[in-house]
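Heads up, the thing below is written out as structure tokens.
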2 protein chains.
Amino acid sequence: MISQTEENYLKALYNLTYLKGEASVNEISKRLEIKMPTVNSMMKKLSEKGFVHYESYKPLKLTEEGKKEAALIIRKHRLTEMYLVEKMGFAWDEVHQIAEQIEHIHSPEFFTKMDQLLGYPTVDPHGSPIPDHNGVMRSESYIFLDTCKTGDAVTLMAVQPSSKELLQYLSAKDLELGTTLTILSIEPFDNSITVNYGNRISEVLSSKVTATLLVRPIS
Amino acid sequence: MISQTEENYLKALYNLTYLKGEASVNEISKRLEIKMPTVNSMMKKLSEKGFVHYESYKPLKLTEEGKKEAALIIRKHRLTEMYLVEKMGFAWDEVHQIAEQIEHIHSPEFFTKMDQLLGYPTVDPHGSPIPDHNGVMRSESYIFLDTCKTGDAVTLMAVQPSSKELLQYLSAKDLELGTTLTILSIEPFDNSITVNYGNRISEVLSSKVTATLLVRPIS
DNA sequence: CTAACAAGTTAGATTAAACTAACAAAATAT
DNA sequence: ATATTTTGTTAGTTTAATCTAACTTGTTAG
């Protein structure tokens, strides 16, 4: 059996690793607001249980089983958000806290019913994909930034493939998962693009960079 | 803050005391399948928190605050059961386990919305009353057995007022909370009634007894 | 290249919620 | 009325999940 607490760690790790394939103890610690030693011992425990690849001083990765478990929790979360908005009339910004709790309910029938009543949705109210009942996340809704056109507004969802250098570059530019970018222009010569986001105006991103950035168009 | 575990103890105590105003450590222990010493220390804790009147070797009672807390949990449980049946298409016998979990969700808005979507129901799918948002249980749906007529089928819901002797009498007759009785006849002379229930055929109950038994007619 | 800083780890303490074993009080039955 | 059984309590242990303090490893800036 897998506790609610363990589920929260798996989910955090899934979301962090989705961006770059691995994550650190420190990142989980910050995200969950739990001190590093606690995270450290939980990672060892989840490693014992076969959900995490843990080696001292190395970055953390989810095992295939860990990915599936996490995706199934995220499935429950997103189905719930969708249900709350579509069937109960909540606003999209009111549903997260409730879904954080309902995602831990143990009842396959309950979520199957939700899924059915919703007509088997593939994305949640924020446009994020809902993993299927095997924990497989359709990633088709994400596209690479270099396939977008001038005027598009998109949200940065993932970086693939990623390298330390690339992530440092993105950090230096204040580009984080969830950042919304507006494409001002595309240079035909080298396919570099000029974008606005946050406080940054007219930042230029090379095609080497834009070819790694997975984004979701804002509907 | 009140933990999920504490909520379960309060609910158990509420349900047990609803029948007779007080309950024992042993009864809670059996109902929750938790050993007596654990129950004992939890009762002391809940007493510290002001939810339970605890005195060594004395029966347990809920304080007014404890009653309110418990009733509000039961409200969430019953609203949920109603919602699952009415809005999601579950059968009445599939909803208990799910409601046991959802009753612990912390989100007033969630339950307010349910209540609203259901049109402010006053009873759950099993006919049990739903306490209002102040934790007040309408008991109008329960009537005394001596006000019923021949042929009625009713469920025993509570005993009021109760005494040790009465409860022992009821136990000896296998009459428990939840027992369904069918009224065969009523003796005009002394108002004693003859009933069937469980394996018991033609048991006679005096008016002194029937005037204390709160029952719910089976719709 | 090394000093300083950041990140990761180990050890040990704390709290909540469970348990068993042993003892005390109350209820019951002979 | 006393012995037996049931119920309640106390004391001490366990496990999960957190923490702080102290130490180690790895990274980064002069």
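Sequence lines set the chain letters: A, B, ... in the order given, protein chains first and strands last, and positions in each chain run from 1.
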In whole Å, what is the span from the [atom1] atom of [X] to the [atom2] atom of [N]?
{"X": "B:Q4", "N": "C:dA18", "atom1": "CD", "atom2": "P", "value": "11 Å"}
{"X": "A:E48", "N": "D:dA16", "atom1": "CD", "atom2": "C1'", "value": "15 Å"}
{"X": "A:M1", "N": "D:dA16", "atom1": "CE", "atom2": "C1'", "value": "16 Å"}
{"X": "B:M43", "N": "D:dT9", "atom1": "CE", "atom2": "P", "value": "11 Å"}
{"X": "B:L32", "N": "C:dA18", "atom1": "CG", "atom2": "P", "value": "9 Å"}

* Looking at A:F90, is B:K113 sitting on its ring face, NZ or CZ under 6.0 Å from the six-membered ring centre and within 45 degrees of the normal? -> yes
* Structure fact -> salt bridge (charged side-chain N to carboxylate O under 4.0 Å, His left out) filter on A:K11, not counting sequence neighbours, yields A:E100, A:E103
* To do: Would you mind classifying the nucleic acid contact of A:T5 as base, sugar-phosphate or nothing, using non-hydrogen atoms under 4.0 angstrom?
  => sugar-phosphate
* Asked: Which nucleotide, in any strand shown, forms a Watson-Crick or G-U wobble pair with D:dG30, with both distances under 3.5 Å?
  -> C:dC1
* May I ask you to say whether B:E64 pairs ionically with B:K67, meaning some side-chain N is under 4.0 Å from a carboxylate O? => yes
* To do: Return no unless some side-chain N or O of B:Y9 is found under 4.0 Å from OP1 or OP2 of C:dA16.
  => no
* **B:L175 vs B:R200 side-chain heavy atoms within contact, under 4.5 Å** => no
* A:T17 side chain to A:L13 main-chain N or O, any donor-acceptor pair under 3.5 Å? -> yes
* **Base-contact (B) and sugar-phosphate-only (S) positions in nucleotides 7-12 of chain C, heavy-atom cut-off under 4.0 Å, - elsewhere** => SBBB--
* Applying salt bridge (Lys or Arg N to Asp or Glu O under 4.0 Å), which residue pairs with at least one partner in residues 21-39 of chain B are found, sequence neighbours left out? -> B:K20-B:E27
